[in-house]
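Step one of this worksheet: look at the structure below.
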Number of protein chains: 2
Amino acid sequence: MTNQPEAVPDAQSGEVPTWRDRAVERSLRGARAKAMSRSDRFIDAAMEILSETGRTDFTVQELIERSKTSLRSFYQHFSGKEELLLALFEEIITTTSEEWSEEVEQVDALTSLRLLLDRIYGQAAGPGGAGINRALSVFHLHLAESRPADYARVLAPLRVLIHEQVEKGIAEKTIRADLDPDILATIMLQTLVGAAHMHALGAQPNGKPIDSDRLWDFCLGGLKA
Amino acid sequence: MTNQPEAVPDAQSGEVPTWRDRAVERSLRGARAKAMSRSDRFIDAAMEILSETGRTDFTVQELIERSKTSLRSFYQHFSGKEELLLALFEEIITTTSEEWSEEVEQVDALTSLRLLLDRIYGQAAGPGGAGINRALSVFHLHLAESRPADYARVLAPLRVLIHEQVEKGIAEKTIRADLDPDILATIMLQTLVGAAHMHALGAQPNGKPIDSDRLWDFCLGGLKA
DNA sequence: CCAGGGTGGAAGTCACGTTCTCAAAAACGC
DNA sequence: GCGTTTTTGAGAACGTGACTTCCACCCTGG
């Protein structure tokens, strides 16, 4: 029931939800440790580890060494390792969803969805991108298992985004109207996220990754009017 | 956070025992502990726990108590807990794949695929079905993360099965031929397995589970010629 | 100025997978 | 049957890693 780490000091200042604007981008360029609040240091260090190793099984010890803080302090800010990861995860999803939301604002529904597919499924590139991607997938799975409700909550922004595009497409008459848009959006999300997981983990059942064009071809069939 | 939104409402339709049911039954049948090999005792006990709790985080201690064996013996037969689960998982996939393979032998491709969708995604009915379902999903995820190669290997029979149906459908001209059947099969598998995970874990992003008809509707769009 | 709370440091607790010890029990070869 | 070898049971022991506790410093705000 404790969805939030209650001990976070900045929580009372009111700007809780925006953990860090541009968390991904900025936190990868370091050298500002001094200026940052404690919580930021932890988040930052975790992000570093994730992008370097792509694994979520780093030890808390490792985290505090890297962030140059103490165990004592860590547990003052987060109720546990999982809370830290959850905060990170949520932040990334929220941030990127907002970003993508702007990107697709002016475009027609099918193009938007295609773009989202590329973003969700295809972004194994970039600095630390693959690592973060893998880590995100891993944590997706952890979270889906251990706290399905939180998982659903955290993923909501993305689902809403897709949902909006589906509605848009229905209005444009390019997307089928015989399925509940909510259901359609959920199926799309699941398909994309599932594919992204396998892609990021390199667990393609047939050995070679599916390229996004094919995946889109498939989805398009299920989507269009 | 009681993660139990899974009093699956639409679970009624199938009184046909699902693959998980059969697997459970096969493995639980009879009091033949004495006659069983040690390995079987472990496998058997694990299957029991899985079907009762749906969790893979039982302790090895619990396992050996239930199987009335010893720790010493356990590590004689399995290199670790993960190996045991892997064996179990592989066994279930192999067995059920063979079973389903027979089921779809005489049917047209689209009907076959629909049937497979129901089997894979479908209702966690029957004794221990939900538990096994959940446990399998959880282990799917663990495995995909920790040993992608093993994951792909273990899932292969299922992928092959779907692949065969896709080929059949192409021959029947009911399934599109413009996509590589192998790719198509992989996408289908991913979609179904991904949906099954969310379903079993009760992590539907929109709160309510997708019923299999809708999911089929979507897939059909991506499949048909 | 001083009380209270954040902080680092280090030691301690706990759970759990895994390994080790040792003697009893089975299994096996003859 | 009878030695020998292998397997087993019972449980102690070890390693690791999350989390806690204790304590002695800072700080800072009232």
Side-chain angles (χ1 to χ4, degrees), chain A residues 1-13 16 33-46 49-50 53-89 135 138-139 141-143 145-147 150, chain B residues 1 32-46 49-50 53 55-89 135 138-139 142-143 145-147 150:
Chain A
M1 326 313 137
T2 79
N3 299 341
Q4 305 287 351
E6 69 296 338
V8 181
D10 11 351
Q12 58 201 15
S13 68
V16 193
K34 348 237 156 158
M36 294 193 305
S37 84
R38 281 293 185 280
S39 309
D40 283 333
R41 305 250 302 256
F42 294 120
I43 294 276
D44 200 57
I49 296 177
L50 257 47
T53 68
R55 326 199 91 256
T56 60
D57 61 357
F58 58 86
T59 69
V60 176
Q61 196 59 36
E62 187 180 343
L63 178 76
I64 66 166
E65 275 161 19
R66 201 185 272 253
S67 61
K68 302 227 177 4
T69 55
S70 70
L71 209 49
R72 175 72 185 71
S73 198
F74 174 73
Y75 285 102
Q76 184 102 22
H77 290 272
F78 298 93
S79 71
K81 184 182 168 183
E82 189 142 313
E83 291 297 338
L84 170 80
L85 288 172
L86 184 57
L88 201 51
F89 188 64
V138 169
F139 192 62
L141 306 181
H142 277 327
L143 196 58
E145 174 194 345
S146 64
R147 311 160 106 194
D150 281 322
Chain B
M1 285 315 145
R32 7 156 223 148
K34 337 255 167 123
M36 291 193 308
S37 80
R38 291 292 140 158
S39 312
D40 284 336
R41 303 250 304 256
F42 294 119
I43 294 275
D44 201 57
I49 296 177
L50 257 46
T53 68
R55 326 200 90 256
T56 59
D57 60 358
F58 57 86
T59 67
V60 176
Q61 196 60 34
E62 188 180 344
L63 177 75
I64 66 164
E65 272 161 22
R66 201 185 272 254
S67 60
K68 300 219 177 16
T69 55
S70 69
L71 214 46
R72 173 73 183 69
S73 198
F74 175 73
Y75 285 101
Q76 182 107 13
H77 291 271
F78 298 92
S79 72
K81 185 182 169 185
E82 187 141 314
E83 293 296 336
L84 171 80
L85 289 171
L86 183 56
L88 199 52
F89 188 63
V138 169
F139 193 61
H142 276 326
L143 197 57
E145 175 194 343
S146 64
R147 311 161 98 187
D150 281 323

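Below, chains carry the letters A, B, ... as their sequence lines are ordered, and counting in each starts from 1.
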Nucleotide nearest [X] when distance is taken to its side chain, options [options]:
{"X": "B/Gln76", "options": "C/dT18, D/dT8, D/dT20", "answer": "D/dT8"}
{"X": "B/Ser73", "options": "C/dT7, D/dG11, D/dG9", "answer": "D/dG9"}
{"X": "B/Arg38", "options": "D/dT8, C/dT18, C/dG9", "answer": "D/dT8"}
{"X": "A/Lys81", "options": "D/dT21, C/dG17, D/dA18", "answer": "D/dA18"}
{"X": "B/Ser70", "options": "D/dT8, C/dG17, C/dG8", "answer": "D/dT8"}
{"X": "A/Val60", "options": "D/dA18, D/dG9, C/dC16", "answer": "D/dA18"}
{"X": "A/Arg72", "options": "C/dA11, D/dT21, D/dT8", "answer": "D/dT21"}

Euclidean distance, atom [atom1] of residue [X] to atom [atom2] of [N] [Å, nearest integer]:
{"X": "A/Lys68", "N": "C/dT7", "atom1": "NZ", "atom2": "C1'", "answer": "16 Å"}
{"X": "B/Glu65", "N": "C/dC16", "atom1": "CD", "atom2": "C1'", "answer": "13 Å"}
{"X": "A/Ile64", "N": "C/dA10", "atom1": "CD1", "atom2": "P", "answer": "11 Å"}
{"X": "A/Asp57", "N": "C/dG17", "atom1": "CG", "atom2": "C1'", "answer": "15 Å"}
{"X": "B/Glu62", "N": "C/dT18", "atom1": "CD", "atom2": "C1'", "answer": "17 Å"}
{"X": "A/Leu71", "N": "D/dC22", "atom1": "CG", "atom2": "P", "answer": "15 Å"}
{"X": "A/Phe74", "N": "C/dG8", "atom1": "CZ", "atom2": "P", "answer": "13 Å"}
{"X": "A/Leu84", "N": "D/dC19", "atom1": "CG", "atom2": "P", "answer": "11 Å"}

Among A/Gln76, A/Arg41, A/His77, which one satisfies side-chain contact (heavy atoms from CB on, under 4.5 Å) with A/Thr69?
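Result for side-chain contact (heavy atoms from CB on, under 4.5 Å) with A/Thr69: A/Arg41.
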Could you check whether A/Phe58 gets within reach of a base, just the sugar-phosphate, or nothing at all, counting any heavy atom under 4.0 Å?
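Sugar-phosphate: the residue A/Phe58, judged by heavy atoms under 4.0 Å, touches backbone atoms but no base.
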Can you tell me how far CG of B/Leu85 sits from CG of B/Leu50, rounded to the nearest 0.5 angstrom?
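So the CG of B/Leu50 and the CG of B/Leu85 are separated by 6.5 Å.
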Within this structure, what is the CG-CZ distance for the pair B/Leu84 and B/Phe42, rounded to the nearest 0.5 Å?
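The CZ atom of B/Phe42 is 8.5 Å from CG of B/Leu84, to the nearest 0.5 Å.
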Looking at every heavy atom in both B/Phe58 and B/Glu62, which two are closest together, and how far apart are they?
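Of all heavy-atom pairs spanning B/Phe58 and B/Glu62, the closest is CB-OE1, 3.5 Å.
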Using side chain to side chain contact (heavy atoms under 4.5 Å, CB included), reason through B/Arg147 and B/Leu86 one step at a time and then give a plain yes or no.
CA-CA 10 Å; B/Arg147 311 161 98 187; B/Leu86 183 56; 3.3 Å; yes
Taking only side-chain nitrogens and oxygens of B/Tyr75, does any of them come within less than 4.0 Å of OP1 or OP2 of C/dT18?
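Indeed, a polar side-chain atom of B/Tyr75 lies that close.
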Kindly say if B/His77 contacts the phosphate of D/dT7, meaning a side-chain N or O under 4.0 Å from OP1 or OP2.
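So the side chain of B/His77 is outside the cut-off, no N or O lying under 4.0 Å from OP1 or OP2 of D/dT7.
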